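Owing to the predicted nature of the structure, the values given are computational and were not obtained by experimental measurement. Lettering of chains follows the sequences in order, A, B, ..., and the numbering in each one begins at 1.
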Amino acid sequence: MRTSQYLLSTLKETPASAEVISHQLMLRAGLVRNVASGLYTWLPTGLKVLKKVENIVREEMQRAGSNEVLMPMVQPADLWEESGRLNDYGPELLRLNDRHNRDFVLGPTHEEVITKLVANELSSYKQLPLNVFQIQTKFRDEIRPRFGVMRGREFLMKDAYTFHLEHECLEKTYQKMFDAYCRIFDRLGLDYRPVIADTGSIGGDASHEFHVLADSGEDDIAFSDASDFAANVEKAEALAPSGEREEPSKDIELVELKLERLIKTTDTPLNASVKTLLVQGTATDDESEKFVALVLRGDHQLNEVKAENLPSVASPLTLATEEQISALVNCHSTSLGPKGLSVEVIVDRSAAHLSDFTCGANENNRSYTGVNWQRDCGDITVADIRNVVEGDPSPCGKGNIVIKRGIEVGHIFQLGQKYAEAMNCAVLNEGGKNQTLTMGCYGIGVSRIVAAAIEQNHDKYGIKWPKAIAPFQAAIVPMNMAKSARVKETAESLYEQLLQDGVEVLFDDRKERPGVMFADHELMGTPLLLIVGERNLDEKKVELKNRITGEKTLIAIEDVKALFSN
RNA sequence: CGGUGAUUAGCGCAGCUUGGUAGCGCACUUGGUUUGGGUCCAAGGGGUCGCAAGUUCGAAUCUUGCAUCACCGACCA
């Protein structure tokens with residue numbers, strides 16, 4: 001490709017709307033343009049990268065024995081009614097009507113369509129297991145699209161679904177997909193980790209997320225500093241403190257200070273106090289059971305996912321309002337405490353390990369010191385409801401927790417029978433009986449990977465693409481081609497030769513100053529620059545500049561070809 | 001959805017307080033100059049100032065409504 005025919009579209013200035021570095025660089029290097037909130041046009045350079053990612057994903061899925069299909073983006077609402085998700089999915093599901101006023105949705109995922117398909121197509125256990133995938137545009141009406149294509153509303157996703165008669169078979173395939181995912185991210189050249197994950201709204205049993213490590217990531221990942229253990233903080237277990245709880249040594253005492261003031265003005269440590277949150281419970285008939293108290297050590301944070309998984313806590317987690325708290329306890333939220341509450345009290349393991357602690361007194365601007373659970377607080381339930389923090393012992397039993405940020409680029413689930421049951425997806429088993437299938441589902445955010453790769457690979461000049469997904473393998477940059485016939489001839493013939501060899505090369509034939517050309521190619525992240533100049537032509541050489549290392553070397557023109565034969 | 005802020009040329013911004021129908025830098029066009037790291041000089045083209053209504057002789061500027069975009073928003077009890 002010649003730059004004179006190419007939609008280069010680089011920007012010198014950073015558009016004000018771009019927050020994260022990948023979004024800024026994607027705009028500046030001319031990869032994407034914004035169309036509306038969360039919707040993007042992919043320009044030629046961006047599309048090349050997207051297609052490369054897509055192809056690597058496709059090749060590895062095929063290698064793992066998955067069949068490629070393509071399902072429609074617009075899906076009948078009936079299917080979603082059948083699975084029960086039409087109501088469950090919420091406002092992220094974009095609903096629309098056709099000219100006959102029939103109800104449709106824009107597919108945020110394709111479990112319904114594929115399960116229906118397989119229910120119709122398969123009839124015998126002999127056809128199992130089955131593994132299918134597609135690479136298709138999804139639409140999720142995000143509350144707050146941000147970070148460019150990282151969290152867009154429309155995005156390109158690879159989704160795969162597997163169907164099995166038995167759970168053991170699913171587990172085998174799950175492992176196979178896990179391995180395929182590792183190969184994919186290895187080939188993409190990204191620094192990634194598989195991490196244990198919560199199954200979230202899709203439901204199911206086992207689940208792993210694949211995260212690209214980057215400070216701008218939206219997820220916290222807990223690692224062990226002594227083993228391979230990695231888990232999303234949502235899911236990472238906070239172990240109970242080791243050793244016996246100390247016996248009470250102080251008497252309970254009422255203090256005329258708000259808990260917060262008490263901690264600030266005296267030497268009461270934060271981690272020797274507890275904070276109490278009143279949340280909506282699942283029981284609705286009995287007034288006192290409408291709420292549940294969650295108690296955490298002062299320095300810890302509530303883990304919403306863990307709390308929602310408790311049977312007596314309403315999901316989604318809903319905090320009681322100040323009015324509700326006043327009505328029930330007759331105090332402000334800041335003075336709540338576990339002693340004497342009329343609702344179920346669920347205490348985090350670490351908070352439950354405290355003795356002689358400090359807490360709110362359920363009266364405005366009053367606190368207790370020297371509180372002890374059994375002696376002062378009656379019945380409590382102990383559970384793991386906090387986020388792990390750096391330095392906690394790792395739940396794997398080895399080492400301590402370190403927390404890093406990650407960008408979720410892949411997610412695999414053992415789905416189980418949820419959809420197969422709802423959509424009546426079954427085959428005849430060996431005994432001639434109808435048997436509901438067990439499913440797995442496996443996603444990769446193709447467009448998100450492009451942004452994640454940039455977050456992880458850039459410098460002050462621009463993008464530094466991993467080789468496997470660079471839009472061009474190399475660029476030919478002639479010095480002062482307009483003046484030197486020799487430079488022009490050499491550059492042209494080099495270009496022709498590389499094209500013949502099938503090298504993806506961009507020939508910068510613009511009448512620009514060298515600085516402009518260098519800056520553009522560095523911004524776009526082309527891995528290799530072939531600089532043709534008078535300076536080296538007497539020796540029949542060109543200069544080679546490596547975008548990643550910055551290294552410059554001279555190479556004989558006849559040897560350039562060999563750089564690309566692998 | 002709630003809070004905050006923004007909306008003036010393709011991009012980045014000034015002008016608004018103190019109403020008199022627009023300006024800067026980059027980009028773009030033309031001519032010259034320069035040519036191994038975003039040259040320099042000159043001359044140009046491009047905007048019904050987000051939309052609608054109101055106040056006024058007169059609105060980018062004041063008022064109201066709407067739209068769009070962006071940032072922040074669990075807990076911190």
Asks: Nearest to the side chain of A:Arg146, which nucleotide is it out of B:C11, B:G38, B:C71?
Replies: B:C71
Asks: Pick base, sugar-phosphate or nothing for A:Glu512, based on heavy-atom distances below 4.0 Å to the nucleic acid.
Replies: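 Touches nothing.
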Asks: Specify the residue among A:Asp520 and A:Ala482 whose closest nucleotide of RNA chain B lies further upstream toward the 5′ end.
Replies: A:Ala482
Asks: With a 3.5 Å distance limit and no angle check, can you tell me whether A:Asn387 reaches the backbone of A:His300 through a side-chain donor-acceptor pair?
Replies: no
Asks: Please give the distance between the C1' atoms of B:A22 and B:G47 as a whole number of Å.
Replies: 9 Å
Asks: Considering only B:A70, B:U35, B:G38, which nucleotide approaches the side chain of A:Pro514 most closely?
Replies: B:U35
Asks: Just compare B:U35, B:G38, B:C75 and give me whichever is closest to any side-chain atom of A:Asn480.
Replies: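 Comparing B:U35, B:G38, B:C75 against the side chain of A:Asn480, the answer is B:U35.
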Asks: Using the salt bridge (Lys or Arg N to Asp or Glu O under 4.0 Å) rule, pick out the option among A:Asp215, A:Asp220, A:Asp219 that qualifies with A:Arg405.
Replies: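 Running salt bridge (Lys or Arg N to Asp or Glu O under 4.0 Å) over A:Asp215, A:Asp220, A:Asp219 with A:Arg405 returns exactly one hit, A:Asp220.
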Asks: Across all strands, who's sitting opposite B:U35 as a Watson-Crick or G-U wobble pair, both distances under 3.5 Å?
Replies: none
Asks: Taking donor-acceptor contacts at under 3.5 Å, does the side chain of A:Glu13 reach the base of B:G25?
Replies: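 For A:Glu13, whose side chain was compared with the base of B:G25, there is a donor-acceptor pair (under 3.5 Å).
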Asks: Compare the minimum distances between each of B:U35, B:G37, B:C13 and the side chain of A:Ala16, then state the nucleotide with the smallest one.
Replies: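 From the listed options, B:C13 comes nearest.
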Asks: Base, sugar-phosphate, or nothing: which does A:Asn387 touch, judged by heavy atoms less than 4.0 Å apart?
Replies: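 Result for A:Asn387 = nothing.
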Asks: Could you tell me whether A:Thr14 contacts a base, only the sugar-phosphate backbone, or nothing, with contacts defined as non-hydrogen atoms closer than 4.0 Å?
Replies: sugar-phosphate
Asks: Is A:Glu534 side chain donor-acceptor paired with the B:G36 base, going by distance under 3.5 Å alone?
Replies: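 When only heavy-atom distances are counted, A:Glu534 does not reach the base of B:G36 through any donor-acceptor pair under 3.5 Å.
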Asks: Once the angle between the rings of A:Tyr495 and A:Phe507 is folded into 0 to 90°, is it parallel (under 30°), tilted (30 to 60°) or perpendicular (over 60°)?
Replies: tilted
Asks: Please report the distance separating the C1' of B:G5 from the corresponding atom of B:A9, rounded so that it comes out in whole Å.
Replies: 23 Å
Asks: Any carboxylate oxygen within less than 4.0 angstrom of a Lys/Arg side-chain nitrogen, looking at A:Arg153 and A:Asp141?
Replies: yes
Asks: Mark yes or no for a side-chain to base donor-acceptor pair under 3.5 Å between A:Lys545 and B:G37, with no hydrogen or angle criteria applied.
Replies: yes
Asks: Using a heavy-atom cut-off of 4.0 Å across all strands, would you classify A:Ile325 as base, sugar-phosphate, or nothing?
Replies: base
Asks: With rounding to whole Å, what would you report as the distance between B:G12 and B:A6 at their P atoms?
Replies: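 Going atom to atom, P in each nucleotide, I get 16 Å.
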Asks: When you measure from the side chain of A:Arg513, which nucleotide among B:U34, B:C69, B:G36 comes out closest?
Replies: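 The closest nucleotide is B:U34.
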Asks: Quick check on RNA chain B: between A:Arg28 and A:Asn303, whose nearest nucleotide comes earlier from the 5' end?
Replies: A:Arg28
Asks: With a 3.5 Å distance limit and no angle check, can you tell me whether A:Lys339 reaches the backbone of A:Gly360 through a side-chain donor-acceptor pair?
Replies: no
Asks: Does the base of B:A74 carry an N or O that pairs as donor and acceptor with the side chain of A:Gln301 under 3.5 Å?
Replies: yes
